[in-house]
Protein chains: 2
Amino acid sequence: MDELVTGRRRTYGPRDVIVEDGSELQEIRLVISGLAARSKDLSDGSRQIMAFLVPGDLCDIEGFVLRAMDHRITAVSETTCALIPAAEIESLLIEFSSLTRALWWSTMTDSAVLRARIIDHGRRDARERIAHLFYEMLIRYRVVGRTTDHTFPFPVTQEELADATGMTPVHLGRILGELRDEGLLEWRRRVLTVHDPAGLKRVARFEADYLHLDRTEARDGNVAERAGDLI
Amino acid sequence: MDELVTGRRRTYGPRDVIVEDGSELQEIRLVISGLAARSKDLSDGSRQIMAFLVPGDLCDIEGFVLRAMDHRITAVSETTCALIPAAEIESLLIEFSSLTRALWWSTMTDSAVLRARIIDHGRRDARERIAHLFYEMLIRYRVVGRTTDHTFPFPVTQEELADATGMTPVHLGRILGELRDEGLLEWRRRVLTVHDPAGLKRVARFEADYLHLDRTEARDGNVAERAGDLI
DNA sequence: CGACGGCTTGAGGTAAGTCAATCCACGTGG
DNA sequence: CCACGTGGATTGACTTACCTCAAGCCGTCG
(Lines give C-alpha, C1' and ligand atoms only; values in the text may rest on other atoms or scores of the structure.)
Protein backbone atom coordinates (compact mmCIF):
# COMPACT_ATOMS: atom_id res chain seq x y z
CA MET A 1 0.00 0.00 0.00
CA ASP A 2 2.79 2.35 0.90
CA GLU A 3 4.13 2.43 -2.60
CA LEU A 4 0.79 3.54 -3.95
CA VAL A 5 0.59 6.63 -1.80
CA THR A 6 3.83 8.10 -3.04
CA GLY A 7 2.07 9.40 -6.13
CA ARG A 8 -0.18 12.36 -6.73
CA ARG A 9 -1.80 14.15 -3.82
CA ARG A 10 -4.45 16.72 -3.37
CA THR A 11 -5.40 19.00 -0.48
CA TYR A 12 -8.92 20.13 0.34
CA GLY A 13 -10.05 23.00 2.54
CA PRO A 14 -12.79 22.76 5.19
CA ARG A 15 -16.18 21.94 3.60
CA ASP A 16 -14.70 21.15 0.24
CA VAL A 17 -16.31 18.20 -1.44
CA ILE A 18 -13.76 15.42 -1.89
CA VAL A 19 -16.05 12.96 -3.66
CA GLU A 20 -19.45 13.99 -4.93
CA ASP A 21 -22.61 11.97 -4.39
CA GLY A 22 -23.48 10.06 -7.53
CA SER A 23 -20.09 10.42 -9.17
CA GLU A 24 -18.29 7.62 -10.98
CA LEU A 25 -14.70 7.28 -10.01
CA GLN A 26 -11.44 7.10 -11.86
CA GLU A 27 -9.26 6.92 -8.80
CA ILE A 28 -9.32 5.94 -5.17
CA ARG A 29 -8.48 8.46 -2.46
CA LEU A 30 -6.65 7.65 0.75
CA VAL A 31 -6.72 10.17 3.59
CA ILE A 32 -3.16 11.15 4.50
CA SER A 33 -3.84 13.91 7.00
CA GLY A 34 -6.80 15.90 8.24
CA LEU A 35 -10.37 14.78 8.82
CA ALA A 36 -13.14 13.98 6.37
CA ALA A 37 -16.74 12.83 6.65
CA ARG A 38 -19.07 10.56 4.73
CA SER A 39 -22.41 12.29 4.60
CA LYS A 40 -25.73 12.33 2.86
CA ASP A 41 -27.89 15.39 2.36
CA LEU A 42 -31.60 14.76 2.58
CA SER A 43 -34.38 16.42 0.67
CA ASP A 44 -35.58 18.38 3.70
CA GLY A 45 -32.20 20.04 4.12
CA SER A 46 -31.00 17.90 6.99
CA ARG A 47 -27.77 15.99 6.79
CA GLN A 48 -26.47 12.79 8.29
CA ILE A 49 -22.79 12.09 8.74
CA MET A 50 -22.30 8.34 8.66
CA ALA A 51 -18.60 8.12 9.39
CA PHE A 52 -15.53 10.19 10.00
CA LEU A 53 -12.42 9.37 8.02
CA VAL A 54 -9.06 9.68 9.72
CA PRO A 55 -5.59 9.31 8.18
CA GLY A 56 -5.22 5.84 6.75
CA ASP A 57 -8.87 5.50 5.77
CA LEU A 58 -9.92 4.90 2.18
CA CYS A 59 -12.55 7.25 0.81
CA ASP A 60 -14.20 5.59 -2.04
CA ILE A 61 -13.58 1.99 -2.91
CA GLU A 62 -17.34 1.48 -2.87
CA GLY A 63 -17.66 4.04 -5.60
CA PHE A 64 -15.16 2.05 -7.55
CA VAL A 65 -16.66 -1.37 -7.08
CA LEU A 66 -20.29 -0.27 -7.27
CA ARG A 67 -19.59 2.26 -10.02
CA ALA A 68 -21.40 5.23 -8.48
CA MET A 69 -21.11 6.79 -5.04
CA ASP A 70 -24.32 6.79 -3.04
CA HIS A 71 -23.14 9.51 -0.69
CA ARG A 72 -20.73 12.40 -0.53
CA ILE A 73 -17.37 12.84 1.14
CA THR A 74 -16.35 16.26 2.39
CA ALA A 75 -13.30 17.62 4.15
CA VAL A 76 -14.02 18.67 7.72
CA SER A 77 -10.70 20.32 8.39
CA GLU A 78 -7.93 20.78 5.84
CA THR A 79 -7.38 17.33 4.45
CA THR A 80 -4.90 15.89 2.02
CA CYS A 81 -5.50 12.70 0.12
CA ALA A 82 -3.29 10.46 -1.94
CA LEU A 83 -4.80 9.72 -5.32
CA ILE A 84 -4.39 6.14 -6.41
CA PRO A 85 -4.97 6.12 -10.17
CA ALA A 86 -7.37 3.91 -12.02
CA ALA A 87 -4.67 1.85 -13.68
CA GLU A 88 -3.34 0.60 -10.36
CA ILE A 89 -6.79 -0.52 -9.36
CA GLU A 90 -7.74 -2.06 -12.66
CA SER A 91 -4.76 -4.36 -12.35
CA LEU A 92 -6.22 -5.49 -9.05
CA LEU A 93 -9.60 -6.25 -10.51
CA ILE A 94 -8.03 -8.41 -13.19
CA GLU A 95 -6.71 -10.79 -10.58
CA PHE A 96 -10.22 -11.21 -9.23
CA SER A 97 -12.26 -14.15 -10.32
CA SER A 98 -15.91 -13.43 -10.97
CA LEU A 99 -16.77 -15.13 -7.70
CA THR A 100 -14.43 -12.89 -5.78
CA ARG A 101 -15.94 -9.91 -7.48
CA ALA A 102 -19.42 -11.06 -6.57
CA LEU A 103 -18.43 -11.39 -2.92
CA TRP A 104 -16.78 -7.99 -3.00
CA TRP A 105 -19.83 -6.46 -4.56
CA SER A 106 -22.11 -8.11 -2.06
CA THR A 107 -20.30 -6.71 0.97
CA MET A 108 -20.31 -3.27 -0.61
CA THR A 109 -24.05 -3.24 -1.11
CA ASP A 110 -24.45 -4.51 2.43
CA SER A 111 -22.55 -1.47 3.68
CA ALA A 112 -24.74 0.76 1.56
CA VAL A 113 -27.82 -0.65 3.23
CA LEU A 114 -26.21 -0.10 6.62
CA ARG A 115 -25.62 3.53 5.73
CA ALA A 116 -29.25 3.87 4.72
CA ARG A 117 -30.22 2.54 8.12
CA ILE A 118 -28.03 5.13 9.84
CA ILE A 119 -29.75 7.88 7.91
CA ASP A 120 -33.09 6.41 8.88
CA HIS A 121 -32.26 6.40 12.56
CA GLY A 122 -30.51 9.71 12.65
CA ARG A 123 -32.72 11.86 10.52
CA ARG A 124 -36.12 10.26 10.06
CA ASP A 125 -38.96 9.83 12.51
CA ALA A 126 -40.79 6.62 13.37
CA ARG A 127 -43.30 6.81 10.49
CA GLU A 128 -40.61 7.38 7.93
CA ARG A 129 -38.35 4.69 9.32
CA ILE A 130 -41.05 2.04 9.27
CA ALA A 131 -42.19 3.03 5.81
CA HIS A 132 -38.60 3.03 4.59
CA LEU A 133 -37.86 -0.43 5.93
CA PHE A 134 -41.05 -1.88 4.45
CA TYR A 135 -40.39 -0.31 1.09
CA GLU A 136 -36.82 -1.53 1.04
CA MET A 137 -37.91 -5.04 1.90
CA LEU A 138 -40.52 -4.95 -0.83
CA ILE A 139 -37.89 -4.04 -3.41
CA ARG A 140 -35.42 -6.61 -2.14
CA TYR A 141 -38.00 -9.37 -2.22
CA ARG A 142 -38.93 -8.32 -5.71
CA VAL A 143 -35.33 -8.31 -6.88
CA VAL A 144 -34.66 -11.82 -5.64
CA GLY A 145 -37.89 -12.94 -7.28
CA ARG A 146 -39.80 -13.83 -4.11
CA THR A 147 -42.80 -11.76 -5.10
CA THR A 148 -44.13 -10.18 -8.27
CA ASP A 149 -46.79 -7.87 -6.86
CA HIS A 150 -47.01 -5.80 -3.68
CA THR A 151 -47.51 -8.61 -1.23
CA PHE A 152 -44.94 -10.78 0.45
CA PRO A 153 -44.54 -12.85 3.59
CA PHE A 154 -42.72 -10.82 6.22
CA PRO A 155 -42.76 -13.13 9.20
CA VAL A 156 -41.39 -10.89 11.95
CA THR A 157 -43.04 -9.97 15.23
CA GLN A 158 -43.69 -6.39 16.21
CA GLU A 159 -40.96 -6.71 18.77
CA GLU A 160 -38.42 -7.68 16.14
CA LEU A 161 -39.55 -4.88 13.87
CA ALA A 162 -39.17 -2.50 16.79
CA ASP A 163 -35.64 -3.77 17.38
CA ALA A 164 -34.85 -3.16 13.74
CA THR A 165 -36.28 0.34 13.60
CA GLY A 166 -34.91 1.33 16.97
CA MET A 167 -38.12 1.97 18.83
CA THR A 168 -40.58 0.48 21.29
CA PRO A 169 -43.00 -2.25 20.22
CA VAL A 170 -45.79 -0.10 21.63
CA HIS A 171 -44.92 2.95 19.60
CA LEU A 172 -44.32 0.82 16.52
CA GLY A 173 -47.79 -0.64 16.91
CA ARG A 174 -49.38 2.79 17.05
CA ILE A 175 -47.65 4.09 13.95
CA LEU A 176 -48.43 0.85 12.17
CA GLY A 177 -52.07 1.46 12.97
CA GLU A 178 -51.84 4.92 11.44
CA LEU A 179 -50.30 3.62 8.23
CA ARG A 180 -53.01 0.99 8.08
CA ASP A 181 -55.79 3.51 8.69
CA GLU A 182 -54.40 5.71 5.96
CA GLY A 183 -54.76 2.80 3.56
CA LEU A 184 -51.06 2.58 2.78
CA LEU A 185 -50.52 -1.00 3.85
CA GLU A 186 -51.73 -3.94 5.82
CA TRP A 187 -49.60 -6.32 7.80
CA ARG A 188 -51.59 -9.19 9.20
CA ARG A 189 -50.83 -12.77 9.78
CA ARG A 190 -47.15 -12.18 9.01
CA VAL A 191 -47.91 -11.09 5.46
CA LEU A 192 -47.30 -7.56 4.29
CA THR A 193 -49.57 -6.06 1.67
CA VAL A 194 -48.69 -2.68 0.30
CA HIS A 195 -51.89 -1.08 -0.96
CA ASP A 196 -50.33 2.16 -2.08
CA PRO A 197 -46.67 1.71 -3.06
CA ALA A 198 -46.29 5.25 -4.35
CA GLY A 199 -47.74 6.64 -1.15
CA LEU A 200 -45.50 4.45 0.98
CA LYS A 201 -42.48 5.51 -1.03
CA ARG A 202 -43.43 9.13 -0.45
CA VAL A 203 -43.79 8.90 3.30
CA ALA A 204 -40.52 6.96 3.43
CA ARG A 205 -38.79 9.65 1.39
CA PHE A 206 -37.25 6.72 -0.39
CA GLU A 207 -34.36 7.05 -2.81
CA ALA A 208 -33.27 3.83 -4.44
CA ASP A 209 -29.71 4.79 -5.31
CA TYR A 210 -28.20 3.06 -2.29
CA LEU A 211 -29.39 -0.34 -3.43
CA HIS A 212 -27.27 -0.07 -6.58
CA LEU A 213 -29.79 -2.01 -8.58
CA ASP A 214 -28.76 -0.56 -11.93
CA ARG A 215 -25.39 -2.23 -12.01
CA THR A 216 -26.14 -5.55 -10.44
CA GLU A 217 -23.21 -7.73 -11.36
CA ALA A 218 -25.02 -10.70 -9.88
CA ARG A 219 -26.57 -13.52 -11.79
CA ASP A 220 -29.66 -11.74 -13.07
CA GLY A 221 -29.69 -8.70 -15.22
CA ASN A 222 -33.46 -8.34 -15.13
CA VAL A 223 -33.75 -6.17 -12.07
CA ALA A 224 -35.57 -3.47 -13.97
CA GLU A 225 -38.13 -5.98 -15.10
CA ARG A 226 -38.66 -7.22 -11.57
CA ALA A 227 -38.66 -4.02 -9.55
CA GLY A 228 -38.69 -1.29 -12.16
CA ASP A 229 -42.10 0.02 -11.16
CA LEU A 230 -40.91 0.60 -7.61
CA ILE A 231 -37.76 2.57 -8.28
CA MET B 1 -21.73 -19.08 -7.05
CA ASP B 2 -24.45 -21.48 -8.01
CA GLU B 3 -22.16 -24.47 -7.94
CA LEU B 4 -21.16 -23.70 -4.36
CA VAL B 5 -24.68 -23.84 -3.03
CA THR B 6 -25.34 -27.35 -4.22
CA GLY B 7 -23.50 -28.71 -1.22
CA ARG B 8 -24.45 -29.13 2.41
CA ARG B 9 -27.47 -27.29 3.81
CA ARG B 10 -28.91 -26.61 7.18
CA THR B 11 -32.32 -25.46 8.37
CA TYR B 12 -32.95 -23.30 11.43
CA GLY B 13 -36.18 -22.70 13.30
CA PRO B 14 -37.47 -19.29 14.41
CA ARG B 15 -35.11 -17.68 16.95
CA ASP B 16 -32.38 -20.22 16.40
CA VAL B 17 -28.92 -18.72 16.38
CA ILE B 18 -27.31 -19.22 12.98
CA VAL B 19 -23.99 -17.60 13.77
CA GLU B 20 -23.01 -16.72 17.31
CA ASP B 21 -21.51 -13.37 18.33
CA GLY B 22 -17.77 -13.74 18.79
CA SER B 23 -17.45 -17.03 16.96
CA GLU B 24 -14.68 -17.83 14.51
CA LEU B 25 -15.88 -19.37 11.32
CA GLN B 26 -15.05 -22.45 9.31
CA GLU B 27 -17.65 -21.90 6.64
CA ILE B 28 -19.75 -19.24 5.02
CA ARG B 29 -23.52 -19.42 5.07
CA LEU B 30 -25.77 -18.27 2.28
CA VAL B 31 -29.48 -17.80 2.93
CA ILE B 32 -31.49 -19.99 0.57
CA SER B 33 -34.96 -19.45 1.95
CA GLY B 34 -36.54 -17.83 4.97
CA LEU B 35 -35.58 -14.67 6.81
CA ALA B 36 -32.69 -13.99 9.15
CA ALA B 37 -31.46 -10.98 11.11
CA ARG B 38 -28.11 -9.53 12.10
CA SER B 39 -28.45 -8.35 15.65
CA LYS B 40 -26.52 -7.30 18.70
CA ASP B 41 -27.65 -7.73 22.27
CA LEU B 42 -26.69 -4.92 24.61
CA SER B 43 -25.76 -5.14 28.24
CA ASP B 44 -29.04 -3.55 29.37
CA GLY B 45 -31.07 -6.27 27.71
CA SER B 46 -32.09 -4.27 24.67
CA ARG B 47 -31.37 -5.49 21.19
CA GLN B 48 -30.71 -3.83 17.87
CA ILE B 49 -31.35 -5.56 14.57
CA MET B 50 -29.00 -4.04 12.02
CA ALA B 51 -30.13 -5.84 8.90
CA PHE B 52 -32.51 -8.45 7.63
CA LEU B 53 -31.13 -11.17 5.40
CA VAL B 54 -33.25 -12.43 2.55
CA PRO B 55 -32.57 -15.37 0.21
CA GLY B 56 -29.37 -14.72 -1.69
CA ASP B 57 -27.69 -12.81 1.15
CA LEU B 58 -24.42 -13.99 2.65
CA CYS B 59 -24.38 -14.31 6.42
CA ASP B 60 -20.87 -14.13 7.57
CA ILE B 61 -18.07 -13.24 5.23
CA GLU B 62 -17.02 -10.58 7.73
CA GLY B 63 -16.51 -13.28 10.29
CA PHE B 64 -14.30 -15.03 7.83
CA VAL B 65 -12.19 -12.07 6.80
CA LEU B 66 -12.02 -10.45 10.24
CA ARG B 67 -11.74 -13.79 12.04
CA ALA B 68 -14.42 -13.20 14.67
CA MET B 69 -18.03 -12.12 14.34
CA ASP B 70 -18.88 -8.89 16.15
CA HIS B 71 -22.58 -9.64 16.16
CA ARG B 72 -25.04 -12.50 16.00
CA ILE B 73 -27.23 -13.86 13.24
CA THR B 74 -30.55 -15.46 14.11
CA ALA B 75 -33.33 -17.01 12.09
CA VAL B 76 -36.53 -14.98 12.17
CA SER B 77 -38.73 -17.52 10.45
CA GLU B 78 -37.65 -21.00 9.42
CA THR B 79 -34.54 -20.45 7.40
CA THR B 80 -32.30 -22.73 5.42
CA CYS B 81 -28.73 -21.88 4.55
CA ALA B 82 -26.21 -23.38 2.20
CA LEU B 83 -22.92 -24.06 3.92
CA ILE B 84 -19.92 -23.20 1.83
CA PRO B 85 -16.98 -25.02 3.37
CA ALA B 86 -13.71 -23.46 4.40
CA ALA B 87 -11.72 -25.12 1.66
CA GLU B 88 -13.68 -23.38 -1.07
CA ILE B 89 -13.03 -20.05 0.52
CA GLU B 90 -9.39 -20.63 1.30
CA SER B 91 -8.78 -21.21 -2.36
CA LEU B 92 -10.22 -17.77 -2.95
CA LEU B 93 -7.96 -16.13 -0.46
CA ILE B 94 -4.92 -17.62 -2.11
CA GLU B 95 -5.62 -15.71 -5.28
CA PHE B 96 -5.65 -12.49 -3.28
CA SER B 97 -2.57 -10.35 -3.17
CA SER B 98 -1.81 -8.82 0.20
CA LEU B 99 -3.02 -5.49 -1.14
CA THR B 100 -6.35 -6.95 -2.14
CA ARG B 101 -6.63 -8.51 1.26
CA ALA B 102 -5.87 -5.18 2.92
CA LEU B 103 -8.61 -3.49 0.91
CA TRP B 104 -11.03 -6.27 1.72
CA TRP B 105 -10.21 -6.04 5.39
CA SER B 106 -10.59 -2.30 5.36
CA THR B 107 -14.09 -2.37 3.92
CA MET B 108 -15.08 -5.00 6.45
CA THR B 109 -13.98 -2.94 9.41
CA ASP B 110 -15.75 0.04 7.90
CA SER B 111 -18.98 -1.95 7.91
CA ALA B 112 -18.37 -2.92 11.50
CA VAL B 113 -18.12 0.72 12.47
CA LEU B 114 -21.33 1.43 10.57
CA ARG B 115 -23.08 -1.28 12.54
CA ALA B 116 -21.83 0.25 15.76
CA ARG B 117 -23.32 3.54 14.66
CA ILE B 118 -26.69 1.88 14.04
CA ILE B 119 -26.65 0.46 17.55
CA ASP B 120 -25.78 3.90 18.88
CA HIS B 121 -28.68 5.55 17.13
CA GLY B 122 -31.20 2.84 17.77
CA ARG B 123 -30.54 1.92 21.34
CA ARG B 124 -28.51 4.61 23.07
CA ASP B 125 -29.48 8.09 24.20
CA ALA B 126 -27.73 11.35 23.38
CA ARG B 127 -25.18 11.16 26.23
CA GLU B 128 -24.17 7.64 25.35
CA ARG B 129 -23.95 8.36 21.65
CA ILE B 130 -21.70 11.37 22.09
CA ALA B 131 -19.51 9.57 24.59
CA HIS B 132 -19.31 6.57 22.28
CA LEU B 133 -18.27 8.61 19.27
CA PHE B 134 -15.63 10.49 21.23
CA TYR B 135 -14.23 7.31 22.68
CA GLU B 136 -14.13 5.61 19.32
CA MET B 137 -12.33 8.56 17.77
CA LEU B 138 -9.82 8.57 20.60
CA ILE B 139 -8.99 4.93 19.96
CA ARG B 140 -8.82 5.38 16.21
CA TYR B 141 -6.50 8.36 16.51
CA ARG B 142 -4.35 6.38 18.90
CA VAL B 143 -4.20 3.39 16.59
CA VAL B 144 -3.03 5.43 13.63
CA GLY B 145 -0.46 7.08 15.85
CA ARG B 146 -1.92 10.60 15.79
CA THR B 147 -1.87 10.91 19.55
CA THR B 148 -0.24 9.10 22.44
CA ASP B 149 -2.21 10.49 25.38
CA HIS B 150 -5.86 11.47 25.80
CA THR B 151 -5.83 14.63 23.74
CA PHE B 152 -6.23 15.04 20.03
CA PRO B 153 -7.36 17.68 17.56
CA PHE B 154 -10.97 17.04 16.63
CA PRO B 155 -11.74 19.98 14.36
CA VAL B 156 -15.48 19.60 13.85
CA THR B 157 -18.19 22.12 14.63
CA GLN B 158 -21.07 21.34 16.94
CA GLU B 159 -23.31 21.28 13.94
CA GLU B 160 -21.23 18.58 12.28
CA LEU B 161 -21.08 16.58 15.46
CA ALA B 162 -24.85 16.85 15.70
CA ASP B 163 -25.17 15.58 12.14
CA ALA B 164 -22.99 12.63 13.04
CA THR B 165 -24.81 11.72 16.24
CA GLY B 166 -28.24 12.35 14.75
CA MET B 167 -29.41 15.17 16.96
CA THR B 168 -29.82 18.91 17.15
CA PRO B 169 -26.81 21.19 17.66
CA VAL B 170 -28.67 22.76 20.57
CA HIS B 171 -29.24 19.50 22.37
CA LEU B 172 -25.72 18.35 21.60
CA GLY B 173 -24.39 21.52 23.19
CA ARG B 174 -26.37 20.91 26.36
CA ILE B 175 -25.19 17.34 26.81
CA LEU B 176 -21.65 18.40 25.98
CA GLY B 177 -21.91 20.89 28.79
CA GLU B 178 -22.99 18.13 31.17
CA LEU B 179 -20.09 15.90 30.23
CA ARG B 180 -17.77 18.85 30.72
CA ASP B 181 -19.26 19.74 34.12
CA GLU B 182 -18.89 16.15 35.22
CA GLY B 183 -15.18 16.40 34.50
CA LEU B 184 -15.19 13.70 31.84
CA LEU B 185 -13.84 15.74 28.97
CA GLU B 186 -13.22 19.14 27.52
CA TRP B 187 -13.64 20.13 23.92
CA ARG B 188 -12.48 23.63 23.28
CA ARG B 189 -10.82 25.30 20.39
CA ARG B 190 -11.33 22.20 18.27
CA VAL B 191 -9.21 20.05 20.55
CA LEU B 192 -10.67 17.21 22.55
CA THR B 193 -9.20 16.38 25.93
CA VAL B 194 -10.49 13.32 27.71
CA HIS B 195 -9.90 13.84 31.41
CA ASP B 196 -11.42 10.56 32.53
CA PRO B 197 -11.13 7.88 29.83
CA ALA B 198 -12.47 5.12 32.04
CA GLY B 199 -15.46 7.24 32.97
CA LEU B 200 -16.12 8.13 29.35
CA LYS B 201 -15.88 4.50 28.35
CA ARG B 202 -18.39 3.65 31.04
CA VAL B 203 -21.02 6.20 30.03
CA ALA B 204 -20.52 5.15 26.39
CA ARG B 205 -21.05 1.50 27.32
CA PHE B 206 -18.18 0.93 24.98
CA GLU B 207 -17.17 -2.50 23.74
CA ALA B 208 -14.12 -2.56 21.51
CA ASP B 209 -14.81 -5.80 19.68
CA TYR B 210 -16.28 -4.12 16.63
CA LEU B 211 -13.02 -2.34 15.84
CA HIS B 212 -11.26 -5.70 15.36
CA LEU B 213 -8.04 -4.31 16.70
CA ASP B 214 -6.64 -7.64 17.82
CA ARG B 215 -6.21 -9.01 14.34
CA THR B 216 -5.14 -5.94 12.45
CA GLU B 217 -3.67 -7.29 9.26
CA ALA B 218 -2.52 -3.79 8.38
CA ARG B 219 1.02 -2.51 8.42
CA ASP B 220 1.46 -2.18 12.17
CA GLY B 221 1.15 -4.92 14.68
CA ASN B 222 1.62 -2.62 17.64
CA VAL B 223 -1.99 -1.73 18.22
CA ALA B 224 -1.91 -3.03 21.76
CA GLU B 225 1.04 -0.82 22.53
CA ARG B 226 -0.72 2.22 21.11
CA ALA B 227 -4.23 1.81 22.40
CA GLY B 228 -4.00 -1.07 24.84
CA ASP B 229 -4.91 1.02 27.86
CA LEU B 230 -8.18 2.05 26.23
CA ILE B 231 -9.54 -1.32 25.25
C1' DC C 1 -62.05 -24.40 27.96
C1' DG C 2 -57.96 -21.99 29.50
C1' DA C 3 -53.40 -20.34 28.66
C1' DC C 4 -50.19 -18.10 26.17
C1' DG C 5 -47.90 -14.93 22.93
C1' DG C 6 -48.59 -11.10 20.50
C1' DC C 7 -51.13 -6.97 19.52
C1' DT C 8 -53.80 -2.82 20.99
C1' DT C 9 -55.23 1.02 23.87
C1' DG C 10 -54.74 4.47 27.54
C1' DA C 11 -52.67 7.76 30.85
C1' DG C 12 -48.84 9.92 32.28
C1' DG C 13 -43.67 11.05 32.02
C1' DT C 14 -39.22 12.36 29.79
C1' DA C 15 -35.76 13.11 26.25
C1' DA C 16 -35.05 15.69 22.60
C1' DG C 17 -36.69 19.25 19.21
C1' DT C 18 -37.93 24.18 17.95
C1' DC C 19 -37.45 28.93 17.88
C1' DA C 20 -35.20 32.77 19.31
C1' DA C 21 -32.22 35.73 21.98
C1' DT C 22 -27.69 36.39 23.72
C1' DC C 23 -22.94 35.71 24.08
C1' DC C 24 -18.31 34.98 22.84
C1' DA C 25 -13.95 34.51 20.06
C1' DC C 26 -11.82 35.84 16.14
C1' DG C 27 -10.77 38.34 12.04
C1' DT C 28 -10.99 42.52 9.35
C1' DG C 29 -10.83 47.19 8.30
C1' DG C 30 -10.94 52.12 9.67
C1' DC D 1 -6.28 49.79 18.88
C1' DC D 2 -10.93 49.87 18.91
C1' DA D 3 -15.46 49.10 16.27
C1' DC D 4 -17.72 45.89 13.87
C1' DG D 5 -19.25 41.71 11.61
C1' DT D 6 -19.53 36.93 11.55
C1' DG D 7 -19.86 32.03 12.70
C1' DG D 8 -20.30 29.30 16.32
C1' DA D 9 -21.72 28.28 21.17
C1' DT D 10 -24.80 28.94 24.97
C1' DT D 11 -29.13 29.69 27.39
C1' DG D 12 -34.17 29.82 28.05
C1' DA D 13 -39.18 28.80 27.34
C1' DC D 14 -42.12 25.95 25.15
C1' DT D 15 -43.65 21.85 22.20
C1' DT D 16 -43.57 17.21 20.67
C1' DA D 17 -42.22 12.49 19.68
C1' DC D 18 -41.43 8.73 21.83
C1' DC D 19 -41.13 5.92 26.20
C1' DT D 20 -43.04 3.50 30.36
C1' DC D 21 -46.12 0.97 32.76
C1' DA D 22 -50.19 -1.33 32.80
C1' DA D 23 -54.56 -3.15 31.49
C1' DG D 24 -57.32 -5.34 28.06
C1' DC D 25 -57.93 -8.00 23.81
C1' DC D 26 -57.66 -11.55 20.41
C1' DG D 27 -56.29 -15.71 17.79
C1' DT D 28 -54.07 -20.11 18.27
C1' DC D 29 -53.05 -24.29 20.24
C1' DG D 30 -53.14 -27.79 23.70
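Chain letters run A, B, ... following the sequence lines, proteins first and then strands; every chain starts at 1. All values below were derived from every heavy atom in this structure, side-chain atoms included, with hydrogens, water molecules and symmetry-related copies excluded.
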- prompt: Among dT9(C), dC7(C), dG8(D), which is the nearest nucleotide to the side chain of Arg174(A)?
  reply: dT9(C)

- request: Please report, rounded to the nearest Å, how far the C1' atom of dT9(C) is from the CD atom of Glu178(A).
  value: 14 Å

task: Mind calculating the distance between CD1 (Ile175(B)) and P (dA9(D)) to the nearest angstrom?
output: 16 Å

- prompt: For Asp44(B) and dC19(D), what is the distance between atoms CG and P respectively, to the nearest whole Å?
  reply: 14 Å

message: If only side-chain N and O atoms count, and only distance matters, is there a donor-acceptor pair under 3.5 Å linking Asp149(A) with Thr147(A)?
response: yes

task: Select from Gly166(A) and Arg189(A) the residue whose nearest nucleotide in DNA chain D is closer to the 5' end of that strand.
output: Gly166(A)

query: Which nucleotide in the list dG8(D), dC19(D), dC7(C) gets nearest to the side chain of Thr157(A)?
result: dC7(C)

message: Closer than 4.0 angstrom, basic N to acidic O: yes or no for Glu225(B) and Arg142(B)?
response: no

task: Can you tell me the distance, in whole Å, between the CG atom of Leu172(A) and the C1' atom of dT8(C)?
output: 12 Å

- request: Rounded to the nearest angstrom, tell me the gap between atom NE2 in His171(B) and atom P in dT10(D).
  value: 14 Å

message: Can you tell me which nucleotide in dA9(D), dA17(D), dG6(C) comes closest to the side chain of Asp125(A)?
response: dA17(D)

query: Nearest of dC18(D), dC7(C), dT10(D) to any side-chain atom of Arg190(A)?
result: dC7(C)

statement: Testing dA16(C), dG8(D), dA9(D) for proximity to the side chain of Arg129(B), the answer is dA16(C)

query: About how many Å separate NE2 of His121(A) and CD of Glu128(A), when rounded to the nearest 0.5 Å?
result: 12.5 Å

- request: Taking only Lys NZ, Arg NE, NH1 and NH2, and the carboxylate oxygens of Asp or Glu, determine whether Glu136(A) and Arg117(A) approach each other closer than 4.0 Å.
  value: yes

query: Looking at Arg188(B), does any N or O in its side chain come under 4.0 Å of the phosphate oxygens OP1/OP2 on dG8(D)?
result: no

query: Can you check whether Gln158(A) has a side-chain N or O nearer than 4.0 Å to OP1 or OP2 of dG5(C)?
result: no

field: Nearest listed nucleotide, side chain of Val170(B), among dC7(C), dC19(C), dG8(D)
entry: dC19(C)

field: Comparing Arg123(A) and Glu159(A) on DNA chain C - which has the more 5′ nearest nucleotide
entry: Glu159(A)

- request: Scan Arg127(B) against the nucleic acid and name what it touches under 4.0 Å (heavy atoms): base, sugar-phosphate only, or nothing.
  value: nothing

field: Neighbour count above 12 (heavy atom, 6.0 Å) for Arg9(A) CZ
entry: yes

- prompt: To the nearest angstrom, how far is Glu128(B) atom CD from dA15(C) atom P?
  reply: 12 Å

- request: Check the distance between dT14(C)'s P and Met167(B)'s CE and give it to me in whole angstrom.
  value: 20 Å

- prompt: In whole angstroms, how far is the C1' atom of dG17(C) from the CZ atom of Arg124(A)?
  reply: 18 Å

